[in-house]
Engineer: 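There's a structure below that I have some questions on.
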Amino acid sequence: MTQLSTPSASSSSAADHVEALLASYPDFPQPDILFRDLNPVFADAVAFRAIIDDLADQHRGQFDAVAGIEARGFLLAAAVGYAANAAVLAVRKGGKLPGTVLTEEYDLEYGSARLELEVGQLPAGTRVLILDDVLATGGTIAATSRLIERAGYTLTGVGVVLELTDLHGRERLGTAPVHAIMSI
Ligand code: AMP
């Protein structure tokens, strides 16, 4: 049989790990939400290394810093930043950062929220890769993109472990390449 596309070895292996370990919880944290839990992926050393390598490899050479979104994005950003010799930015929930901060309000699949970023941490024009665990409606990553651009940085990519395609979150994002290890 002819193979039409050939994913890279790390990509296919990372996706296999996510598919095998992903846990799903209906009606959590509220009715009608099917919660996708990636903690079993993070808790498996081989799977964790595979997803970190995949996220770093997909955007290699295209970023100087990674921006992790609180809280699960922090796990990814710290590891990818280390693996790629990149700086790490923490995008935090509202009210947790001192000093001068930029703020963005946004809607979630369930509820609304506020994200913040400290200003002046890196030079203007720094190339930033945004990382988070799940791309759902896209509101969280779209808000983070606005923070990155308002801070004077250049958004060069978005990486997530899991994309929930029926929520069309990708359509809310800009032109920077979006890489999802697995889409369902
Ligand atoms: P969104 O802004 O809708 O793309 O939501 C993205 C953020 O909310 C991510 O940080 C996810 O951790 C979380 N999230 C939203 N929907 C889900 C879901 N169905 N399962 C797990 N996490 C979710």
Side-chain angles (χ1 to χ4, degrees), residues 14-15 17-44 47-48 50-52 54-56 58-59 63 65-81 88-97 101-118 128-151 155-184:
H17 286 298
V18 176
E19 188 167 13
L21 293 168
L22 175 68
S24 299
Y25 293 88
D27 299 318
F28 181 87
Q30 62 187 54
D32 298 329
I33 298 294
L34 178 58
F35 189 83
R36 306 294 190 164
D37 181 16
L38 290 168
N39 281 338
V41 181
F42 300 148
D44 182 300
F48 184 65
I51 63 168
I52 294 305
D54 183 85
L55 291 169
Q58 287 293 330
H59 302 271
F63 62 96
V66 287
I69 305 173
E70 187 169 358
R72 283 161 291 195
F74 290 174
L75 303 173
L76 302 169
V80 171
V88 176
L89 294 170
V91 175
R92 300 216 59 183
K93 291 175 180 167
K96 295 189 173 182
L97 290 173
V101 298
L102 300 169
T103 299
E104 286 284 340
E105 304 269 351
Y106 67 104
D107 294 326
L108 287 171
E109 189 181 3
Y110 38 89
S112 68
R114 188 158 56 103
L115 285 177
E116 292 181 339
L117 177 67
E118 283 169 274
V128 175
L129 169 67
I130 294 175
L131 294 174
D132 204 3
D133 62 340
V134 176
L135 170 60
T137 66
T140 302
I141 291 175
T144 301
S145 305
R146 294 194 294 275
L147 288 174
I148 295 301
E149 284 172 357
R150 285 174 60 200
L155 179 63
T156 54
V158 173
V160 297
V161 178
L162 182 66
E163 176 180 8
L164 307 179
T165 53
D166 57 346
L167 294 171
H168 306 290
R170 191 179 280 257
E171 293 166 16
R172 294 179 63 179
L173 308 183
T175 54
V178 179
H179 169 64
I181 292 175
M182 182 180 159
S183 298
I184 50 177

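One-based numbering, in listed order, for ligands and for the atoms of each.
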Engineer: When rounded to the nearest 0.5 angstrom, what is the spacing between CZ in Arg172 and CG in Leu135?
Structural biologist: 10.0 Å

Engineer: Say whether Gly138, considering both its backbone and side-chain N or O atoms, lies within less than 3.5 Å of an N or O atom on ligand 1.
Structural biologist: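 Yes, since at least one N or O of Gly138 sits under 3.5 Å from an N or O of ligand 1.
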
Engineer: Could you tell me which residues satisfy side-chain hydrogen bond (donor to acceptor under 3.5 Å, both in side chains) with Thr175, sequence neighbours excluded, listed by chain and number?
Structural biologist: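 Scan of Thr175 (side-chain hydrogen bond (donor to acceptor under 3.5 Å, both in side chains), adjacent residues dropped) gives none.
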
Engineer: Mark yes when over 12 heavy atoms from residues, nucleotides or ligands other than Glu19 sit less than 6.0 Å from its CD; otherwise mark no.
Structural biologist: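 Atom CD in Glu19 is not packed in, count stays at 12 or less.
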
Engineer: Tell me, please: is Gly169 in heavy-atom contact with ligand 1, that is, under 4.0 Å?
Structural biologist: no

Engineer: Does Glu116 pair with Arg92 as a salt bridge, N-O distance under 4.0 Å?
Structural biologist: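 Between Arg92 and Glu116 there is no salt bridge, as every charged N stays at least 4.0 Å from the carboxylate O atoms.
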
Engineer: Sequence neighbours left out, what passes side-chain hydrogen bond (donor to acceptor under 3.5 Å, both in side chains) with Glu118? Give chain and number order.
Structural biologist: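 Counting only residues at least two positions away or on another chain, Glu118 forms no side-chain hydrogen bond (donor to acceptor under 3.5 Å, both in side chains).
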
Engineer: Between ligand 1 and Phe35, is the shortest N or O to N or O distance under 3.5 Å?
Structural biologist: no

Engineer: Using distance alone, decide if ligand 1 has a nitrogen or oxygen within less than 3.5 Å of any nitrogen or oxygen in Thr137.
Structural biologist: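 Yes, since at least one N or O of Thr137 sits under 3.5 Å from an N or O of ligand 1.
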
Engineer: What are the atoms of ligand 1, with element, lying closer than 4.0 Å to any heavy atom of Asp132?
Structural biologist: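 Close to Asp132: 9 (C), 10 (O).
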
Engineer: Flag the pair Phe28 / Phe35 as yes when their ring centroid distance falls below 6.0 Å, and as no otherwise.
Structural biologist: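 Yes, the ring of Phe28 comes within the 6.0 Å limit of the ring of Phe35, centre to centre.
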
Engineer: Would Leu34 count as being in polar contact with ligand 1, using the rule that some N or O on each side must be under 3.5 angstrom apart?
Structural biologist: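 Yes, there is a polar N/O contact under 3.5 Å.
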
Engineer: Within the structure, is a non-hydrogen atom of Ile69 found at a distance of less than 4.0 Å from ligand 1?
Structural biologist: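 Under 4.0 Å: no for Ile69.
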
Engineer: For ligand 1, is any non-hydrogen atom under 4.0 Å from Val134's backbone (N, CA, C, O), its side chain (CB onward), both, or neither?
Structural biologist: both

Engineer: May I ask you to list the atoms of ligand 1 that are less than 4.0 angstrom from any heavy atom of Asp133?
Structural biologist: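 Within the 4.0 Å cut-off of Asp133, ligand 1 contributes 9 (C), 10 (O), 11 (C), 12 (O).
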
Engineer: To the closest 0.5 Å, what do you measure between CG (Leu89) and CD1 (Ile148)?
Structural biologist: 5.5 Å

